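As structure tokens, the structure follows; a few thoughts come after it.
Side-chain atoms are counted along with the backbone in the values below, which use heavy atoms only and exclude waters and symmetry mates. Quantities reported herein were computed from a predicted structural model and do not represent experimental measurements. Start at 1 and go down the list; that is how both ligands and their atoms are numbered.
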Amino acid sequence: MKAIVVTEQAAGTAGMTLAERPEPEAAGNDVLVEVHASGFTPGELTWPSSWSDRLGRNRTPSIPGHELAGVVRALGYGTTGLSVGQRVFGLTDWTRDGTLAEYAAVEARNLAPLPGDVDFTVGASLPISGLTAWQGLFEHGRLRAGQSVLVHGAAGGVGSMVTQLAREAGAYIIGTGRTADRQTALDFGAQEFLDLQIDSLEDMGGVDLVFDVIGGDVQKRSAGLVRAGGTLVTIAGPPEARPADGLAIDFVVESDRAQLGEVVRRVRDGRLRTDIGNVATLDDAVGAFNPTERVKGKTIIRVRP
Ligand SMILES: NC(=O)c1ccc[n+]([C@@H]2O[C@H](COP(=O)([O-])OP(=O)(O)OC[C@H]3O[C@@H](n4cnc5c(N)ncnc54)[C@H](OP(=O)(O)O)[C@@H]3O)[C@@H](O)[C@H]2O)c1
């Protein structure tokens, strides 16, 4: 099968090549998915899991990309809950070959049914941003209606999902980002925008929840904004500062069939919209992930037309 592979961490996305790889086999509890569309997060090439297996053994050449939408073509021994021919989408294991390929073997529990009226391209754009937003807000952040949320990077992939889901849940949203992000953040539902290039975080009043996607100094300074009993949730690495009277939680997103269902239901009925910036073929994927001009929104690889 055709796949994008990487062999050298230092090369980053410039080291991606299109190659022939053996078609994967579905192991026990796996599903073999014919990939129709695939999503890739640039940060993943810096993670150890992209280069080694769970025992730390080199697993290169590895196939990156961990979001997919496609059709089930085979079931491994003992696999239940999904059937051959079914449309699915989901988030695959970080330490296995990924989804920038014509086929991927995925644990069934990492997949959810993709309704027939949701395009594969849209399906592949949802798992990481949708699940990260859901888990950060409702599992780790324990968000309740009426609370205030400071959403860093509110115009980005995760931040735009956080903004929409939190707004729907009845929260008051202050989005942040660069000057150019203001209108996008407001369009996704933020009621206020704090320009990190101009405004000072410290001038803000307190909030119940901070959702950080930026890390570093922004994350550190945000801890002081959390009200008593509130939470700083971050996906940008271990927090360097903690709220004086609250929690600081960093987490890595996990796949979850029920939550994928919640996300896609909202996409179907118009409550949630995804931000796709570019769609390219597998043959053109290396160029798409090494753009000469900045692309706003997520790049999705349409593996099959
Ligand atoms: N732990 C996890 O489970 C998990 C899950 C998903 C993502 N992540 C990580 O979370 C981060 C965000 O992911 P994403 O997909 O949302 O990325 P994204 O689409 O690039 O969104 C990030 C947003 O934050 C803005 N931003 C970044 N640094 C900023 C700064 N210093 N000041 C103002 N605005 C800033 C970006 O603006 P510009 O584009 O102008 O820089 C962009 O609008 C990535 O590092 C990703 O690897 C972690």
Side-chain angles (χ1 to χ4, degrees), residues 12-13 39-50 64-67 90-95 98 110 124-141 150-166 173-190 193-201 204 210-222 232-240 248-256 259-260 263 272-278 289 291 293-300:
T13 53
F40 165 77
T41 304
E44 72 185 58
L45 295 187
T46 65
W47 306 335
S49 53
S50 297
H66 293 282
E67 296 169 288
L91 172 63
T92 70
D93 191 325
W94 306 114
T95 53
N110 293 336
S125 76
L126 298 173
I128 291 185
S129 56
L131 290 171
T132 304
W134 188 279
Q135 289 162 21
L137 285 172
F138 304 124
E139 290 188 343
H140 304 295
L150 180 68
V151 183
H152 287 310
V158 175
S160 60
M161 286 284 177
V162 173
T163 300
Q164 295 174 86
L165 288 172
I173 318 297
I174 304 141
T176 83
R178 302 184 200 279
T179 307
D181 296 331
R182 174 183 294 275
Q183 198 51 50
T184 308
L186 296 175
D187 289 345
F188 276 115
F193 183 78
L194 186 128
D195 183 337
L196 290 174
Q197 292 178 299
I198 297 173
D199 306 326
S200 168
L201 271 173
M204 273 193 41
V210 173
F211 199 123
D212 168 53
V213 307
I214 296 176
D217 191 47
V218 169
Q219 183 203 76
K220 216 191 262 177
R221 287 161 57 208
S222 299
L232 165 73
V233 169
T234 180
I235 57 168
E240 288 179 44
I249 299 173
D250 73 305
F251 75 100
V252 175
V253 61
E254 293 174 353
S255 201
D256 183 293
Q259 292 171 4
L260 285 167
V263 169
L272 204 53
R273 95 184 135 84
T274 175
D275 191 16
I276 297 171
N278 185 24
F289 292 126
E293 280 177 17
R294 201 153 168 281
V295 179
K296 268 282 189 198
K298 198 169 171 72
T299 294
I300 296 296

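Taking a distance limit of 4.0 Å, we find that atom 36 (C) of ligand 1 is approached by no protein heavy atom. Protein heavy atoms are absent from the space less than 4.0 angstrom from atom 44 (C) of ligand 1. Distance check for atom 20 (O) of ligand 1: every protein heavy atom is found at 4.0 Å or beyond. At a distance under 4.0 Å, a protein heavy atom can be found next to atom 32 (N) of ligand 1.
Proximity of Ile214 to ligand 1, defined as any heavy-atom pair under 4.0 Å, is confined to the side chain (atoms from C-beta onward). Within the 4.0 Å heavy-atom criterion, the part of Thr132 lying near ligand 1 is the side chain and not the backbone. Counting heavy atoms closer than 4.0 Å to ligand 1, residue Met161 contributes nothing at all. At a heavy-atom distance under 4.0 Å, no atom of Asp250 approaches ligand 1. Counting heavy atoms under 4.0 Å from ligand 1, residue Ile128 touches it through the side chain alone.
Judged by the shortest distance from any of its heavy atoms, Ser129 lies outside the 4.0 Å radius around the atoms of ligand 1. The closest approach between a heavy atom of Val218 and any atom of ligand 1 is not below 4.0 Å. Residue Arg294 places a heavy atom under 4.0 Å from ligand 1.
Only one option out of Leu137, Thr234, Leu232, Thr163 pairs with Phe211 in a side chain to side chain contact (heavy atoms under 4.5 Å, CB included); it is Leu137.
In the vicinity of Val253, heavy-atom distances shorter than 4.0 Å reach the ligand 1 atoms 2 (C), 3 (O).
Comparing His152, Arg178, Glu254, Gln197 by heavy-atom distance to atom 34 (N) of ligand 1, the nearest is Arg178.
Taking distance alone, with nitrogen or oxygen atoms compared against 3.5 Å, Leu196 stays at or beyond that limit from ligand 1. Of the polar atoms of Trp47, none of the N or O atoms is found under 3.5 Å from an N or O of ligand 1, judged by distance alone. Residue Gly43 has no nitrogen or oxygen atom sitting less than 3.5 Å from a nitrogen or oxygen atom of ligand 1, judged on distance alone. Backbone and side-chain nitrogen or oxygen atoms of Gly159 are examined, and none is located within less than 3.5 angstrom of a nitrogen or oxygen of ligand 1. Annotation: Gly157 places an N or O atom under 3.5 Å from an N or O atom of ligand 1; distance criterion only.
In this model, no donor atom of one side chain and acceptor atom of the other lie less than 3.5 Å apart for Ser49 and Thr95.
A salt bridge does not link Arg221 with Glu240: none of the charged nitrogens is closer than 4.0 Å to a carboxylate oxygen.
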